[in-house]
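Here is the structure we will look at.
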Amino acid sequence: MDYSITAQKLIEQLGGSGNIRSVTHCMTRLRFLLNDDASIDDKKVENIPGVMGIMRQSGQYQVIIGNNVPKCYQEVLKIGNFGAASADDQKPKEKQNPINIALDFISACMTPLISAIIAGGLLKVIVVILGPSLLGLLETTSDTYIIMNGLGDAAFYFLPIFVAFAAARKLNCNLVLSIMIAGMLIHPDIINLLGTENPTKLFGIIPVLHGSYSSSVIPTMLSTLLLNYVEKFIDKITPEWSKSFLKPLLIVIIVAPITLCLLAPLGVVVGSGLQFILNSIYGFAPWLALALFAGLMPFIIMTGMHWAFTPTCLMALANPGYDLILLPAMLASNLAQAGATFSVAFKTKDRKMKQIAFPAAISALLAGVTEPAMYGVTLRLKKPMYAACLASGIGGFIIGLTQLKVFAFASPCLTSLVQFISPDGGNNFIIACAIAAVVFVLAFIFTFIVVKDQPVSETSNEAETTTEEETASLKSPITISNPLEGDIFPLEEVKDPTFAAGILGQGYAVLPKRGEVYAPFDGTVETLMDTHHALGLISTQGTTLLIHVGLETVSLNGKYFTPHVKQGDSFKKGALLLSFDLESLKKEGFDTSTPVIVTNTDDYETITLQKTGDAIIGESALVLTK
């Protein structure tokens, strides 16, 4: 996949560089903050090569790319050099639903913690496996056991610290003071004080409810929210000369008592209440609760609602030490998505869908990352999603009947099934493996039945067949003609490190003598930048070519450039594609060196520059061989 083309077309469809305030990415999505997203055509964005789907959520325009999102992100930055979103940028302009605001905040608090939680949880599983209850390689009193177990526990015991860090970054409030307040909740002396039977009173009059806040998340979320508002208030009332010492002192002496006496107990009550509700539903009919939860899990994930269950899941892992609801349901859902997507990959004759489905299925099966499968395959084709939900629901039904438990936090998948190994032994792990296999096979079979065996799916433009004659032509050399009159020189001599290093691909550059760009082959305009300074072309033989007129000319916003084609137009070799005022570019001090780059360089064994120096339009410039 050539993500330079994906990035160019994305920016074009999102209204150009001027409409993009910032861009970040997570594991599978590009997250754009736009000035105006009302006029964006979602269908056109979804049809861009490399894009699996889109979501509008929490004020962001989210583009699902899949596991290669870092590559696409880097290509986007090369074009626009967009910065990451600031805290102010992350506040959407339009009024949001309070539920979405809450879910967005919980997600921002929990997402940075996941890697530590997964590492800690799996480390504790390894300790259990090596310990006396299973393999017996480590005694519980050995130094190695104690150190490894302590390292695994650290991720959970110090959760308030981690949450304070993430919450403060989200709210753009004082990071260190937020961590300080969280540290108070797990300070050994305070833990001991709140663990006694004697009543505790602050200033001798304010009662402090007893409780343990290690491994908690909601109390720190609430304390950081309070700190955010208190900090802004204190900043307004304190004089400039006193801010360095008086401001932090006032913040702490206001936030700390309120947190300890009110917010922390409230957080525990809220968390315990949610856990009680879930456990009550589970206790009434576990087979029904898990069947519905697992069957609807893809849609819960799409809305971000799974983050609402994460704190209660972590509380359950801390006490009583296992989760019965969220992670078991995700096991069924993740394996169902993998099975359905593999089924599509094997049955479809559409080459483009196969290229999407196989890596997406592997991602769901081996990493528990299901977004590429959901947005790229099952949700797009609809029927595979129904099949996956049915298989997942059946898996949830079995999970409820067997009361399957999870003992460590990780996205359930084939490689993380060790999280189902019980410290007390038993057959919990065997049951988990059996359920995973059943769900995977059912989803594969259901999908194979409901998906029609069509040579072309809705995601492909036309059936692709290759005759012997076409195969022979693919092996013959491909010639690229020179599109500009001027002096040809090697690409590495261009005074731009991105072009010179060949990051975008191999090719050459032209110092133009005339302000005209002509078609170097028969093909189609894949991309026409809104600033009109660059063209992305694709030939009838599949060669993708970038023609970038001048260096840093994007800053002109189209001034001096006149396109003669539009995106999607077909053209014949020698057709005039673009005109530009060469003399005006020179007068304004722009380097007019024009890179001509084969962006799908990896598809060719050799790319040879035919000549340097003076060249006319239409003269042979590059020879490509596969």
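Quick caveat, the model's predicted, so the values are computed rather than measured.
You'll find the side chain of F409 reaches within 4.5 Å of the side chain of L327, heavy atoms only. Looking only at side-chain heavy atoms (C-beta outward), K201 and V208 stay at 4.5 Å or farther from each other. Within the 4.5 Å cutoff, side-chain heavy atoms of R21 are placed close to those of N35. Side-chain contact between L30 and V76 is present, with heavy atoms from C-beta onward closer than 4.5 Å. L193 places none of its side-chain heavy atoms less than 4.5 Å from the side chain of D189. Residues I186 and F158 have side chains in contact (heavy-atom distance under 4.5 Å, counting atoms from C-beta outward). Looking at V23 and R31, their side chains never come closer than 4.5 Å, going by heavy atoms from C-beta outward. Two residues are said to be in side-chain contact when any heavy atoms from C-beta on lie closer than 4.5 Å; V127 and L130 fail this criterion.
In this structure a side-chain-to-backbone donor-acceptor pair under 3.5 Å is present from T553 to V549. Distance alone, capped at 3.5 Å, places no donor-acceptor pair between the H532 side chain and the N557 backbone. Side chain of H210 to backbone of T196: a donor-acceptor contact under 3.5 angstrom is found. Within the 3.5 Å criterion, the main-chain N or O of L138 finds no donor-acceptor partner in the side chain of S142. Judged by distance alone, the side chain of N47 and the main-chain N or O of K43 form a donor-acceptor pair under 3.5 Å. When atom types are taken as modelled, the side chain of S333 and the backbone of A329 share no donor-acceptor pair closer than 3.5 angstrom.
In plain terms, the two heavy atoms of L290 and G396 that are nearest each other are CB-O, 3.0 Å. Of all heavy-atom pairs spanning G295 and P298, the tightest one is O-CD, 3.7 Å. Looking at every heavy atom in both residues, I126 comes nearest to M148 through CG2-CE, 4.2 Å. Across Q8 and I79, no two heavy atoms sit closer than the pair CG-CD1, 3.4 Å. Across all their heavy atoms, M184 and A256 have their closest contact at CE-O, 3.7 Å. Counting all heavy atoms, side chain and backbone alike, V176 lies closest to N174 at N-OD1, 3.2 Å.
The OH atom of Y213 sits 16.0 Å away from atom CG of L159, with the distance rounded to the nearest 0.5 Å. Between atom CG of residue D323 and atom CD of residue Q419 there is a gap of 9.5 Å, rounded to the nearest 0.5 Å. To the nearest 0.5 Å, atom CD of residue Q60 and atom OG of residue S22 are 8.5 Å apart. Between atom OG of residue S178 and atom CZ of residue F165 there is a gap of 10.5 Å, rounded to the nearest 0.5 Å. Atom CG in L260 sits 7.0 Å away from atom CG in L202 (nearest 0.5 Å). Between the CG atom in N228 and the OG1 atom in T224 there is a gap of 9.0 Å [rounded to 0.5 Å].
Legend: residues meeting side-chain hydrogen bond (donor to acceptor under 3.5 Å, both in side chains) with Y560, ordered by chain and number and at least two apart, are E588. Every side-chain hydrogen bond (donor to acceptor under 3.5 Å, both in side chains) that S584 has, sequence neighbours left out, goes to D581. In terms of the salt bridge (charged side-chain N to carboxylate O under 4.0 Å, His left out) criterion, residue partners of D235 (sequence neighbours excluded) are, by chain and number, K243, K247.
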Check: Between I65 and V51, does a side chain to side chain contact (heavy atoms under 4.5 Å, CB included) hold up when you go through it step by step?
Finding: CA-CA 5 Å; I65 300 296; V51 173; 4.2 Å; yes
Next item on the list: Go through L546 and S4 one step at a time and tell me if the side chain to side chain contact (heavy atoms under 4.5 Å, CB included) criterion holds.
Entry: CA-CA 9 Å; L546 171 65; S4 64; over 6 Å; no
Margin query: Please determine whether side-chain hydrogen bond (donor to acceptor under 3.5 Å, both in side chains) holds for the pair Y61 and N19, giving the CA-CA distance in whole Å, both sets of side-chain angles, and the decisive distance to 0.1 Å.
Written below: CA-CA 12 Å; Y61 193 89; N19 193 40; over 6 Å; no
Check: Passes side chain to side chain contact (heavy atoms under 4.5 Å, CB included), L185 versus T220? Steps please.
Finding: CA-CA 9 Å; L185 296 176; T220 309; 4.2 Å; yes
Checklist line | Trace of the side chain to side chain contact (heavy atoms under 4.5 Å, CB included) decision for I254 with F233 | finding: CA-CA 11 Å; I254 292 174; F233 173 73; 5.7 Å; no
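Counting heavy-atom neighbours within 6.0 Å of D143 CG, excluding the residue itself, gives a total of 12 or less.
Figure legend: K71 and Y3 shown without cation-pi pairing, the cationic atom not lying both under 6.0 angstrom from the six-membered ring centre and within 45 degrees of its axis.
A salt bridge links K78 to E75: at least one charged side-chain nitrogen sits closer than 4.0 Å to a carboxylate oxygen.
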